S.K.: 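Before we start, here is the structure in question, set down as structure tokens.
Remember, predicted model here, so these are calculated numbers, not experimental data.
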Amino acid sequence: MAQNNSVLSDEDFLFSHLADYLDEGMTPANQQKFDQIAGKIGMADVATDYGIRRGRLQIEAQRMFLGEKKMRAIHELVEDDAARANHEAAEIDEVGSSEMKGSVIRFAALAAVLILIFGGLYTVFKPESKPTFNALNSLIYEAEVMNENSEGRLNFPSDKVEELNQYFKKVPDLSFEPKTMKALPAEWKVAGGSLIDYDGAKITVTQFQNVASGEKQYLFFYSGKLSQLPKSIPGNANGLVYQSYASSSLNVMAWEADKNVVGMIVGNRAVREQADFALKVIGP
């Protein structure tokens with residue numbers, strides 16, 4: 001396995017998403033990924049354990065609440081009821097003598113309320129922003145799932161590059177122009193393609209299979225910029241500038257295939273081999 005600049009940790013993913021998992025605030029894809037990782041690394045009970053400990057912490061915090069009697073006893077340690085009544089009377093006199101200040105405060109409060117109202121109206125009626133997705137984690141996860149079992153994950157099974165090119169061109173509402181694949185190197189063949197939709201972010205994927213070994217690798221395209229991925233020291237393969245990453249089992253080579261279009265190859269080959277493959281199949 002080639003050494004790469006960014007290594008993704010399965011445990012980091014679990015621990016950073018524990019609260020969202022318990023509160024059911026994760027997307028279905030990330031929830032499925034959470035369950036798979038937890039089972040894979042022997043931490044299937046981590047969410048249950050975390051929920052139990054969080055509940056115990058909340059109970060202990062509630063026990064520290066001070067009731068009215070205890071608060072009164074604390075106050076009496078500082079001053080008695082008569083002294084406190086005198087202080088309150090003095091405060092009332094001070095408030096009465098600063099009515100002008102109160103008027104200014106009321107005016108500011110009214111202005112703040114109006115700002116909140118108009119801000120809320122803008123939030124409700126403004127155009128809905130385009131949802132984003134974590135491209136690196138999500139597409140590595142998709143490749144891992146298809147490596148285990150690609151049946152049912154490929155919407156368009158085909159062993160012909162021309163048929164896949166036509167399939168991607170007919171995808172409705174795709175936010176980028178599909179890249180046309182060229183003839184493959186002799187040792188590779190296509191097995192099919194699919195469209196992945198992450199809450200509006202549409203990604204095309206093609207599965208390739210090595211003729212001799214049966215090894216699989218995947219070519220993804222999505223609308224975005226290479227700069228949105230984690231920083232990585234760039235590489236250069238005959239003019240194709242790319243960034244490299246790795247998970248515990250897969251290598252990733254990403255490049256700007258077009259303006260605002262990112263290409264990503266995920267598989268077991270060294271990143272430089274992936275870059276050479278992209279040059280042959282897609283071009284610079």
S.K.: Report yes if the side chains of M146 and L154 come closer than 4.5 Å at any heavy-atom pair, otherwise no.
M.R.: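 Contact flag for M146/L154 side chains = yes.
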S.K.: For residues A135 and L229, report the shortest heavy-atom separation together with the two atoms involved.
M.R.: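 Closest heavy-atom pair between A135 and L229: CB-CD2, 4.2 Å.
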S.K.: As an exercise, state the distance from CG of L57 to CD1 of I52, rounded to the nearest 0.5 Å.
M.R.: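 One gets 14.0 Å once the value is rounded to the nearest 0.5 Å.
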S.K.: Does N251 reach the main-chain N or O of R269 with its side chain, forming a donor-acceptor pair under 3.5 Å?
M.R.: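 Indeed, once roles are kept as given, a pair shorter than 3.5 Å links the two residues.
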S.K.: Atom CG of N260 and atom CD of Q228: how far apart are they, to the nearest 0.5 Å?
M.R.: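 Rounded to the nearest 0.5 Å, the CG-CD separation comes to 8.5 Å.
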S.K.: Anything under 30° is parallel, anything over 60° is perpendicular, the rest tilted; go ahead and classify W188 against F277.
M.R.: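 It falls in the perpendicular class, over 60°.
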S.K.: Mind checking the CZ-CE spacing from F34 to M43? Nearest 0.5 Å is all I need.
M.R.: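 Here the rounded value is 8.5 Å.
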S.K.: Is it the case that the side chain of Y245 and the backbone of P230 share a donor-acceptor pair, with hydrogens and angles ignored and the cut-off at 3.5 Å?
M.R.: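 Side chain of Y245 to backbone of P230: a pair is present.
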S.K.: Any donor and acceptor pair, going by atom type alone, linking the side chain of N210 with main-chain N or O of A212 inside 3.5 Å?
M.R.: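 Side chain of N210 to backbone of A212: a pair is present.
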S.K.: Does one hydrophobic cluster hold both L14 and L22, with members joined at side-chain heavy-atom distances below 4.5 Å?
M.R.: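 Yes, one cluster joins them.
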S.K.: List the steps and the verdict of side-chain contact (heavy atoms from CB on, under 4.5 Å) for F168 and T180.
M.R.: CA-CA 9 Å; F168 290 131; T180 300; over 6 Å; no
S.K.: If I compare all heavy atoms of P172 with all of K202, which pair ends up nearest, and what's the gap?
M.R.: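 Minimum heavy-atom contact is O-NZ, 3.1 Å.
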S.K.: Quick one: CG on N147 to CG on N149, what's the gap to the nearest 0.5 Å?
M.R.: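 Going from CG on N147 over to CG on N149, the span is 10.5 Å.
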S.K.: Can you check whether L139 reaches M264 side chain to side chain, under 4.5 Å on heavy atoms?
M.R.: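 Yes, their side chains come closer than 4.5 Å.
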S.K.: Salt bridge check: are D23 and R54 linked by an N-O gap of less than 4.0 Å?
M.R.: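 Salt bridge: yes.
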S.K.: Could you report the tightest heavy-atom contact between G267 and Q217, atom names first, then the distance?
M.R.: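 Closest approach of G267 to Q217, heavy atoms only: CA-CB, 4.1 Å.
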S.K.: Are I140 and M26 connected in a single hydrophobic cluster, I mean Ile/Leu/Val/Met/Phe/Trp/Tyr linked by side-chain heavy atoms less than 4.5 Å apart?
M.R.: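 No, no single cluster joins them.
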S.K.: Can you check whether P185 reaches V281 side chain to side chain, under 4.5 Å on heavy atoms?
M.R.: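 Yes; the side chains approach each other to less than 4.5 Å.
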S.K.: In the structure I gave you, are the side-chain heavy atoms of L195 and L174 within less than 4.5 Å of one another anywhere?
M.R.: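 In contact.
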S.K.: Would you say the side-chain atoms of N165 pair up with the backbone N or O of M181, donor to acceptor, closer than 3.5 Å?
M.R.: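 Answer holds: yes.
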S.K.: Among the clusters formed by ILVMFWY side chains lying less than 4.5 Å apart, do V271 and I282 turn up in the same one?
M.R.: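 Same cluster: V271 reaches I282 through Ile, Leu, Val, Met, Phe, Trp or Tyr contacts under 4.5 Å.
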S.K.: Nearest 0.5 Å please: distance from the CG atom of L114 over to the CG atom of L110.
M.R.: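 Answer for the CG-CG pair, L114 versus L110, is 5.0 Å.
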S.K.: Say whether Y141 and N30, considering side chains only, have a donor N or O and an acceptor N or O under 3.5 Å apart.
M.R.: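 Judged by distance alone, the side chains do not pair up.
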S.K.: Do the side chain of Q32 and the main chain of A29 share a donor and acceptor less than 3.5 angstrom apart?
M.R.: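 Such a contact is absent between Q32 side chain and A29 backbone.
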S.K.: Are V145 and F220 connected in the hydrophobic side-chain network, where two residues link if heavy atoms are under 4.5 Å apart?
M.R.: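 Yes, same cluster.
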S.K.: Would you say the side chain of T206 lies within less than 4.5 Å of the side chain of L164, judging by non-hydrogen atoms?
M.R.: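 Yes, their side chains come closer than 4.5 Å.
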S.K.: Are Y50 and F15 connected in a single hydrophobic cluster, I mean Ile/Leu/Val/Met/Phe/Trp/Tyr linked by side-chain heavy atoms less than 4.5 Å apart?
M.R.: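 F15 clusters together with Y50.
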S.K.: Taking side chain as C-beta onward, heavy atoms only, is E215 less than 4.5 Å from Q209?
M.R.: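 A side-chain contact under 4.5 Å is absent here.
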S.K.: Using every non-hydrogen atom in the two residues, find where V241 and P234 come nearest and quote the distance to one decimal.
M.R.: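 Result for this residue pair: CG1-CB, 4.1 Å.
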S.K.: Does T48 offer a backbone N or O that forms a donor-acceptor pair with the side chain of D45 under 3.5 Å?
M.R.: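 The answer is no, because no donor-acceptor pair under 3.5 Å joins these two groups.
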S.K.: Could you walk me through whether L250 and N268 pass the side-chain contact (heavy atoms from CB on, under 4.5 Å) check?
M.R.: CA-CA 5 Å; L250 294 172; N268 299 111; 3.7 Å; yes
S.K.: Mind listing the closest non-hydrogen atom pair of K40 and S248 along with its distance?
M.R.: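 Heavy atoms of K40 and S248 come nearest at NZ-OG, 4.5 Å.
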S.K.: Does a side-chain N-to-carboxylate-O contact under 4.0 Å join R272 and D276?
M.R.: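 A salt bridge is present here (some side-chain N lies under 4.0 Å from a carboxylate O).
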S.K.: Contact between E256 and L226 at the side-chain level, heavy atoms closer than 4.5 Å - yes or no?
M.R.: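 Touching, per the 4.5 Å side-chain cut-off.
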S.K.: Any donor and acceptor pair, going by atom type alone, linking the side chain of K160 with main-chain N or O of V190 inside 3.5 Å?
M.R.: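 Judged by distance alone, no pair lies under 3.5 Å.
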S.K.: Once rounded to the nearest 0.5 Å, what's the spacing between atom OG of S175 and atom OH of Y222?
M.R.: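 These two atoms lie 11.5 Å from each other.
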S.K.: Is any side-chain heavy atom of N134 closer than 4.5 Å to a side-chain heavy atom of Y198?
M.R.: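 In short, these two side chains do not touch, never coming nearer than 4.5 Å.
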S.K.: For E163 and S158, does a side-chain donor sit closer than 3.5 Å to a side-chain acceptor?
M.R.: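 S158 and E163 do have a side-chain donor-acceptor pair below 3.5 Å.
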S.K.: Can you give me the closest heavy-atom contact between S194 and N155, atom names plus distance?
M.R.: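 In terms of heavy atoms, the two residues are closest at OG-ND2, 2.9 Å.
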S.K.: Please confirm whether the backbone N or O of F13 pairs with a side-chain atom of S16, one donor and one acceptor, at under 3.5 Å?
M.R.: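 Checking the backbone N and O of F13 against the side chain of S16, a donor-acceptor pair under 3.5 Å is found.
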S.K.: Applying side-chain contact (heavy atoms from CB on, under 4.5 Å) to W255 and Q243, what does each step give before you reach the verdict?
M.R.: CA-CA 6 Å; W255 83 104; Q243 293 180 186; over 6 Å; no
S.K.: Pair E142, V205 - check side-chain contact (heavy atoms from CB on, under 4.5 Å), show working.
M.R.: CA-CA 10 Å; E142 291 292 335; V205 55; over 6 Å; no
S.K.: Could you verify whether a donor N or O on one side chain and an acceptor N or O on the other, from E144 and Y218, lie under 3.5 Å apart?
M.R.: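 The criterion, which ignores hydrogens and geometry beyond distance, is not satisfied for Y218 and E144.
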